[in-house]
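What follows is one structure encoded as structure tokens, with my remarks underneath.
Chain identifiers are assigned alphabetically (A, B, ...) following the order of the sequence lines, protein sequences preceding nucleic acid strands; residue numbering begins at 1 within each chain.
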Number of protein chains: 2
Amino acid sequence: MNTPPLVQSFVLHFGEMGSRWGINRTVGQIYALLYVSERPINADEIAESLGFSRSNVSMGLKELESWRLVKLQHFPGDRREYFSTPDDVWEIFRTLAEERKKREVEPTLTMLRGAMMERPASDAEKHAQARMKEMYQLIELVTSWFSDIQNLDVETLQRLMKLGSKVTKVLQFTQSLSKMTSRNGGEEA
Amino acid sequence: MNTPPLVQSFVLHFGEMGSRWGINRTVGQIYALLYVSERPINADEIAESLGFSRSNVSMGLKELESWRLVKLQHFPGDRREYFSTPDDVWEIFRTLAEERKKREVEPTLTMLRGAMMERPASDAEKHAQARMKEMYQLIELVTSWFSDIQNLDVETLQRLMKLGSKVTKVLQFTQSLSKMTSRNGGEEA
DNA sequence: CTCAATTTTCAGTAATTTCTGAAAGTTTGA
DNA sequence: TCAAACTTTCAGAAATTACTGAAAATTGAG
């Protein structure tokens with residue numbers, strides 16, 4: 001398969017990036033390829049394009065399916081499965097965030113809650129618990145922001161994306177948040 | 001060193017989490033230990049607590065230093081180096097975000113910009129470029145939000161954290177953003 | 001139902017990453 | 001300047017993770 005150099009570098013880059021995150025190189029490359037592909041492609045095409053064994057591609061696709069990141073479809077008169085990514089980048093991002101939350105954030109919060117419930121047996125434990133509480137609150141705060149952003153409708157997001165680098169708008173929005181919370185004072189919720 | 005079970009599970013959890021991200025288990029555990037520690041601790045104490053070799057701890061600390069995540073200090077009459085984390089969780093988070101941006105986001109944006117500059121030699125390439133542009137815009141948008149949030153002063157953040165789960169406030173803030181951009185219409189910036 | 005097409009599984013191998021002990025390097029107080 | 005105290009480096013061992021080919025399982029057209 002003749003992969004244009006432009007696509008090549010994109011694919012390689014995401015392979016590298018993947019391995020910096022928990023995702024392995026193969027999976028990163030497969031997703032990158034699907035992402036820029038004009039039409040859905042099948043596992044053999046992927047294997048040939050990337051020079052991986054068919055079985056490796058199969059495992060990679062299974063992994064991506066478990067992350068709900070690929071769409072699967074069939075074409076008439078062809079028994080093979082064809083894969084693609086959602087057309088909307090934002091949807092991809094949202095799914096990724098949801099899965100990461102489920103796999104990483106939730107278990108962490110559960111662990112922290114558990115630790116915070118324990119009766120501290122020493123000053124050291126008391127201090128550790130206080131630190132865990134701070135972390136717990138930070139994570140809750142950040143994830144709640146994230147989920148708010150996630151729930152923005154696609155239309156609003158499209159508009160925001162068109163604004164491009166005109167970040168000042170976004171800055172203002174942060175300002176108003178700041179004022180809002182000031183009004184609320186330091187009261188415990 | 002007698003590590004309380006409460007701290008133990010925290011440390012082990014972050015070891016696991018670390019390895020899901022690019023960070024290795026050792027580094028995750030070291031940071032978790034520092035994070036909940038009442039006072040700065042030295043490399044030997046870390047090695048003993050976690051059961052790692054001294055050299056492994058040394059490498060882990062070096063890694064953490066390269067991420068600017070640890071504070072280093074000395075005590076009078078003691079030549080050893082003592083390590084700790086910032087007191088403010090938010091500062092830790094901010095540093096982490098900055099470093100990740102520098103190491104992962106910036107190189108990705110550079111690659112995408114490069115690819116977008118190329119003259120497309122085919123429809124396939126044209127399509128790939130369009131996809132890359134979408135991704136570029138998404139990343140820019142998300143990172144600009146992030147950096148805005150990062151720049152909130154600690155005081156505001158403290159207040160927000162105290163609000164805790166009263167996320168409705170944060171939701172409103174998202175609403176106002178939505179209105180703001182509507183006013184702006186679909187105009188290119 | 002049968003069988004060819006296709007996908008998945010899995011045991012073994014390859015590659016990579018992590019970890020260690022020993023040795024080299026650095027720092028500082030006397 | 002020396003030497004003890006401490007830290008870092010690094011080559012190889014250990015552990016983990018990725019990848020493959022062959023075989024098993026599944027699927028669907030006829």
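Phosphate contact (OP1/OP2 of D:dA15, side-chain N/O of B:R25, threshold under 4.0 Å): absent. When the side-chain nitrogen and oxygen atoms of B:S58 are compared with OP1 and OP2 of D:dT7, none of them lie within a distance under 4.0 Å. The phosphate of D:dT7 has neither OP1 nor OP2 within less than 4.0 Å of any side-chain N or O from B:K62. For the OP1/OP2 pair of C:dT7 and a distance below 4.0 Å, the side-chain nitrogens and oxygens of A:R54 include at least one atom meeting the criterion. Taking side-chain N and O atoms only, B:R79 has no distance below 4.0 Å to OP1 or OP2 of C:dT28.
A:D78 has its CG atom 10 Å from the C1' atom of C:dT6, to the nearest Å. Going from atom CD of B:E63 over to atom C1' of C:dC19 covers 14 Å, rounded to whole Å. Between B:I23 atom CD1 and C:dT17 atom C1' there is a gap of 15 Å when expressed in whole angstrom units. Between the C1' atom of D:dA4 and the CZ atom of B:R80 lies a distance of 14 Å, rounded to the nearest Å. Atom CZ of B:R20 and atom P of D:dT16 are 16 Å apart (whole Å). Rounded to an integer number of Å, the gap from B:D44 CG to D:dT8 P is 11 Å. Rounded to whole angstrom, the span from the CG atom of B:L61 across to the P atom of D:dT9 amounts to 12 Å. B:N56 has its CG atom 13 Å from the P atom of D:dT16, to the nearest Å.
Remark: the backbone N or O of B:E45 is not paired with any side-chain donor or acceptor of B:E48 at under 3.5 angstrom.
Annotation: cation-pi geometry satisfied between B:R103 and B:W67 (NZ/CZ under 6.0 angstrom from ring centroid, within 45° of ring axis).
Both B:H74 and B:S53 sit near DNA chain C, but only B:S53 has its closest nucleotide nearer the 5' end.
Relative to the side chain of B:E81, the nucleotides D:dA18, D:dT8, C:dT7 differ in distance, and D:dT8 lies closest. Listed nucleotides C:dT7, C:dT18, D:dC19 differ in distance to A:M59; the shortest reach to its side chain belongs to D:dC19. Ranking C:dT20, D:dC19, C:dT7 by closeness to the A:N24 side chain, first place goes to D:dC19.
A:E99 and A:R68 are joined by a salt bridge, as a carboxylate oxygen and a charged side-chain nitrogen come within less than 4.0 angstrom of each other. Note on B:K102 versus B:E106: no salt bridge recorded, every NZ/NE/NH1/NH2 to OD/OE distance being 4.0 Å or above.
The base of C:dG21 sits with one of its N or O atoms less than 3.5 Å from a complementary donor or acceptor on the side chain of B:S55.
In this structure, B:Y31 has its ring center no closer than 6.0 Å to that of B:F14.
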